Amino acid sequence: MSTPLAAPIAPTVTPLVDITTIVEGARQAFASGRTRPRGWRVETLRRLRELVIAHEDAVLRALAADFGKPAFEAWATEIGFIVGDIDHTIAQLDRWMAPEKVPTPIAFQPGSSRIEREPLGVACVIAPWNYPVQLLLLPMIAAIAAGNAVVGKPSELAPHSADAVHAIVRELGEPAVALVLGGVAETTELLTHRFDHILYTGNGRVARVVMRAAAEHLTPVTLELGGKSPAIVSRHADLEVTSRRLAWGKFMNAGQTCIAPDYVLVERDVHDRLVEQLRARIREFYGDDPQRSADFARIVNDSHFHRLEKLLHDGTVAIGGQSDADTRYIAPTVLTGITRDDQVMGEEIFGPVLPIIAVDSLDEAVSFVNTDDKPLALYSFSADEADHDRVLRGTSSGGVCINGTIMHISNPHLPFGGVGESGMGAYHGKDGFDTFSHRRAVHERSTRLDPSLLYPPYTSKKFALVRRGLTLPDPRDLWARALGSMRRRRG
Ligand code: NAD
């Protein structure tokens, strides 16, 4: 039977007058130096890990209450993701924190050079509702790992989850790690404060609000946004595997995933077979009546439900199409006969509705993708490498998964972020650590030699020597050039 949704509750709200105290508390904690040592970072992450596990049941219940998120999905995409990220971060922290030695050209000898990662200060993390725990805690973990204090702001649209994560952070009892709860008013107030970095996840309209507020303090921002992520299916694709991976990526969390395949461009001769395969997969996953499946989530609120319901009237409903306002259920739906002018192609769908568009060639698919904004994710399905090459070279996107969906963001060694309208900057793993660090350039000079060459008076002899010295090729550059041409010759 499907997961019952809890009755909607009003979000918990931090009184506006308390927000200054919370931000100041974080700033004082950072200024005290407590967040800088490796010991504090590891200990805080370990305790956070323990608390996330201790609160697992409460978090899973909250996610089910907010939008019927199945426990399996909730564990894999929230709890498991967070625990895995903390483990990876702790294991790699020594390496990430170690000063990075870089070469010093001959002209600047004797001396040595390195890059040191130092914390930025107080970070702010603003999260959306669709993966409300993970999208808040993962950036906070990166900020803590980099030695910052951090103030998080969960989404008010998943109020049970916001309360659950608030309980975790309260129990952490760490002055450098705090949450502000609430919606537009509270976030607006929060953004009047000076932060040293803001990571915002959500839609592009609010991203502009965040960036304008950040500009007041010259605060750098990472913007993790969305958009229409296409899947391109070649005539050479294994349609059974393709349909399984498409249906999984699209209908997980009822399509409320920023990197869900938004629509499919399929070569015309395999269009009908792909639709039939999708029908079989949806039945395998969710049974004859997905509304009764415990493995299919619900839409987060009435306004998103009504927005999605309108999209069910575009083109031809090939699969699904049912909806139920009382339980905010939209069936896993596949639409065919869709054109670019249909409403469903107007903006990111962010729900379980998958339009399929037939194209005559991969070139047509690539042009189709390129007439829109650069997507957050792009999926290419084919058994022929040349097809993937055509799609990758012809397009740009935040990330790509070849012959799969979603999985590319699970690898902590890959940056997660958008490009253009789908966002700026990235995090996950080392990229998260670097996002919340300043890469400080350190050049250390020996005092044993101090040639007067660079100092006034600037004689013509010195000038000639400097001109020669500064234009001498660095042996490393000569070596790199030689290696490059060798590789190019080998093809
Ligand atoms: P949302 O409505 O929960 O908003 C996100 C955050 O912005 C919330 O914390 C909210 O309180 C705050 N906010 C809303 N209006 C504001 C305002 N006027 N001023 C200041 N703050 C404000 O979530 P959403 O924006 O509906 O999220 C869905 C979008 O996020 C989709 O486009 C999706 O693709 C994208 N997304 C991206 C990622 C990613 O990692 N790139 C992940 C999840 C979602």
Side-chain angles (χ1 to χ4, degrees), residues 11-14 16 19 66-67 77-78 81 124-140 142 151-159 161-162 165-166 179-193 195 198-214 221-229 249-250 252-262 299-301 303-304 307-308 346-351 373-377 397-399 406 408-410 414-428 431-432 435:
T12 310
V13 165
T14 303
L16 291 180
I19 292 177
D66 280 330
F67 46 110
T77 62
E78 307 259 11
F81 211 159
C124 174
V125 173
I126 302 172
W129 54 267
N130 61 327
Y131 290 85
V133 186
Q134 183 243 109
L135 290 174
L136 180 76
L137 288 188
L138 247 57
M140 290 179 74
V151 179
K153 214 298 289 173
S155 175
E156 72 282 16
L157 299 189
S161 306
V165 82
H166 191 212
L179 290 192
V180 164
L181 300 184
V184 176
E186 293 70 27
T187 320
T188 305
E189 167 61 23
L190 184 65
L191 287 171
T192 62
H193 292 270
F195 289 100
I198 299 173
L199 187 146
Y200 164 81
T201 305
N203 68 70
R205 184 186 55 77
V206 175
R208 286 164 169 81
V209 174
V210 171
M211 204 165 169
R212 268 195 292 272
V221 291
T222 301
L223 302 176
E224 296 280 339
L225 313 179
K228 291 185 89 62
S229 294
K250 179 68 181 189
M252 168 198 298
N253 213 30
Q256 300 164 112
T257 303
C258 56
I259 47 165
D262 187 273
I299 304 307
V300 69
N301 59 26
S303 117
H304 278 288
R307 176 184 65 79
L308 286 163
E347 57 179 33
E348 182 181 359
I349 297 168
F350 223 55
D373 295 323
K374 291 180 181 175
L376 181 59
S397 64
I406 313 284
H408 61 298
I409 71 139
S410 315
L414 286 174
F416 175 47
V419 55
E421 278 288 322
S422 58
M424 62 177 73
Y427 72 117
H428 282 194
D431 288 281
T435 286

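Count residues from 1 along the sequence. Only a predicted model underlies this, so the values are computations on that prediction, with no experimental measurement involved. One-based numbering, in listed order, for ligands and for the atoms of each.
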Peer 1: By number and element, which atoms of ligand 1 are closer than 4.0 Å to a non-hydrogen atom of L376?
Peer 2: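 Here the atoms of ligand 1 in question are 41 (N).
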Peer 1: When rounded to the nearest 0.5 angstrom, what distance separates SG in C258 from CG in N253?
Peer 2: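 Separation between the atoms: 10.0 Å.
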Peer 1: Considering the heavy atoms of L135, write down every atom of ligand 1 situated less than 4.0 Å from one of them.
Peer 2: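 In order of numbering, the contacting atoms are 42 (C), 43 (C).
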Peer 1: Rounded to the nearest 0.5 Å, what's the gap from CD1 on I259 to CG on L376? Could you check?
Peer 2: 7.0 Å
Peer 1: Please answer whether the main-chain N or O of G420 pairs with a side-chain N or O of D373 as donor and acceptor at a distance below 3.5 Å.
Peer 2: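 No: the side chain of D373 does not pair with the backbone of G420.
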Peer 1: Side chains of T188 and V209, heavy atoms from C-beta outward: is any pair under 4.5 Å?
Peer 2: no
Peer 1: Could an N or O of ligand 1 be found under 3.5 Å from any N or O of F416, whether backbone or side chain?
Peer 2: no
Peer 1: Would G418 count as a contact of ligand 1 if the rule is a heavy atom under 4.0 Å away?
Peer 2: no
Peer 1: Closest non-hydrogen protein atom to atom 35 (C) of ligand 1, residue and atom name please, with distance?
Peer 2: G202 O, 3.4 Å
Peer 1: Please confirm whether the backbone N or O of V300 pairs with a side-chain atom of Q256, one donor and one acceptor, at under 3.5 Å?
Peer 2: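 Here the side-chain-to-backbone pair exists.
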Peer 1: Considering only non-hydrogen protein atoms, determine which one is nearest to atom 2 (O) of ligand 1 and report residue, atom name and distance to 0.1 Å.
Peer 2: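 Going by distance alone, atom 2 (O) of ligand 1 is nearest to L157 CD1, 3.5 Å.
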Peer 1: Within this structure, what is the CG-CD1 distance for the pair L135 and I126, rounded to the nearest 0.5 Å?
Peer 2: 13.0 Å
Peer 1: Would you say S155 and ligand 1 have an N/O pair spaced under 3.5 Å apart?
Peer 2: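 Yes - when backbone and side-chain N and O of S155 are compared with those of ligand 1, one distance drops under 3.5 Å.
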Peer 1: For L414 and D431, work out which heavy atoms get closest and say how close.
Peer 2: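 Shortest heavy-atom separation between L414 and D431 comes out as C-OD2, 4.2 Å.
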Peer 1: So, taking the atom named NE2 in H428 and the one named CG in L138, what distance separates them when rounded to the nearest 0.5 Å?
Peer 2: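 Between H428 NE2 and L138 CG, I get 5.0 Å after rounding to 0.5 Å.
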Peer 1: With heavy atoms only and a cut-off of under 4.0 Å, state how V206 meets ligand 1: side chain, backbone, both or neither.
Peer 2: side chain
Peer 1: List ligand 1 atoms under 4.0 Å from N130, heavy atoms only on the residue side.
Peer 2: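 In order of numbering, the contacting atoms are 43 (C), 44 (C).
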Peer 1: Run the numbers on E189 and T14 for side-chain contact (heavy atoms from CB on, under 4.5 Å), then give the verdict.
Peer 2: CA-CA 11 Å; E189 167 61 23; T14 303; over 6 Å; no
Peer 1: Got a second to check how far T192's OG1 is from L16's CG, nearest 0.5 Å?
Peer 2: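 Those atoms lie 9.5 Å apart.
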Peer 1: Could you check atom 19 (N) of ligand 1 against the protein and tell me its nearest heavy-atom contact, residue, atom and distance included?
Peer 2: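 Scanning the protein heavy atoms, the shortest distance from atom 19 (N) of ligand 1 goes to V209 CG1, 3.9 Å.
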Peer 1: Quick one: sort the W129 and F67 rings into parallel, tilted or perpendicular, breaks at 30° and 60°.
Peer 2: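 Taking F67 first and then W129, their aromatic rings stand perpendicular (interplane angle over 60°).
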Peer 1: Below 3.5 Å, N or O to N or O, backbone or side chain included: is there any such pair between E156 and ligand 1?
Peer 2: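 Yes - when backbone and side-chain N and O of E156 are compared with those of ligand 1, one distance drops under 3.5 Å.
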Peer 1: With heavy atoms only and a cut-off of under 4.0 Å, state how A158 meets ligand 1: side chain, backbone, both or neither.
Peer 2: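 The answer is neither.
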Peer 1: Check A426 against T222 and note the closest heavy-atom contact, atom names and distance.
Peer 2: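 Residues A426 and T222, closest heavy atoms: N-CG2, 3.9 Å.
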Peer 1: Please list the nearest protein heavy atom to atom 36 (N) of ligand 1 with its residue and the distance rounded to 0.1 Å.
Peer 2: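 For atom 36 (N) of ligand 1, the nearest protein heavy atom is C258 CB, 3.4 Å.
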Peer 1: Looking at E186 and V13, would you say the former's side chain and the latter's main chain have a donor-acceptor pair under 3.5 Å?
Peer 2: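 Absent.
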Peer 1: Using a 4.0 Å cutoff against the non-hydrogen atoms of K153, which atoms of ligand 1 qualify?
Peer 2: 8 (C), 9 (O), 10 (C), 11 (O)
Peer 1: Any N or O on W129 sitting closer than 3.5 Å to an N or O of ligand 1?
Peer 2: yes
Peer 1: Write out the residue and atom name of the closest protein heavy atom to atom 41 (N) of ligand 1, then the distance separating them to 0.1 Å.
Peer 2: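 The protein heavy atom lying closest is L225 O, 2.7 Å.
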Peer 1: Hey, which atoms in ligand 1 end up nearer than 4.0 Å to a heavy atom of E348?
Peer 2: 31 (C), 32 (O), 33 (C), 34 (O)
Peer 1: Quick one: look up the protein heavy atom nearest atom 6 (C) of ligand 1 and list residue, atom name and how far away it is.
Peer 2: A127 O, 3.5 Å
Peer 1: Need the ligand 1 atom indices (1-based, order shown) with element for anything under 4.0 Å from a heavy-atom of T201.
Peer 2: 5 (C), 37 (C), 38 (C), 39 (C), 40 (O), 42 (C), 43 (C)
Peer 1: Roughly how far, to the nearest 0.5 Å, is the CZ atom of F350 from the CZ atom of R307?
Peer 2: 8.0 Å
Peer 1: Would you check whether Y131 reaches within less than 4.0 Å of ligand 1, judged by its heavy atoms?
Peer 2: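 Heavy atoms of Y131 never come under 4.0 Å of ligand 1.
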Peer 1: Should E421 and R208 count as an ion pair when the cut-off is N to O under 4.0 Å?
Peer 2: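 A salt bridge links E421 with R208.
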Peer 1: To the nearest 0.1 Å, how far is atom 21 (N) of ligand 1 from its closest protein heavy atom, and which atom is that?
Peer 2: T187 CG2, 3.3 Å
Peer 1: Can you tell me which residue and heavy atom of the protein come closest to atom 18 (N) of ligand 1, and the distance to 0.1 Å?
Peer 2: V184 CG1, 3.6 Å
Peer 1: Please identify which atoms of ligand 1 are closer than 4.0 Å to at least one heavy atom of F350.
Peer 2: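 Once the distances to F350 are compared, the set is 28 (C), 31 (C), 33 (C), 34 (O).
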Peer 1: I126 heavy atoms, cut-off 4.0 Å: which ligand 1 atoms fall inside?
Peer 2: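 Counting atoms of ligand 1 from 1, those under 4.0 Å from I126 are 6 (C), 7 (O), 9 (O).
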Peer 1: So is N203 polar-close to ligand 1, meaning N/O to N/O under 3.5 Å?
Peer 2: yes
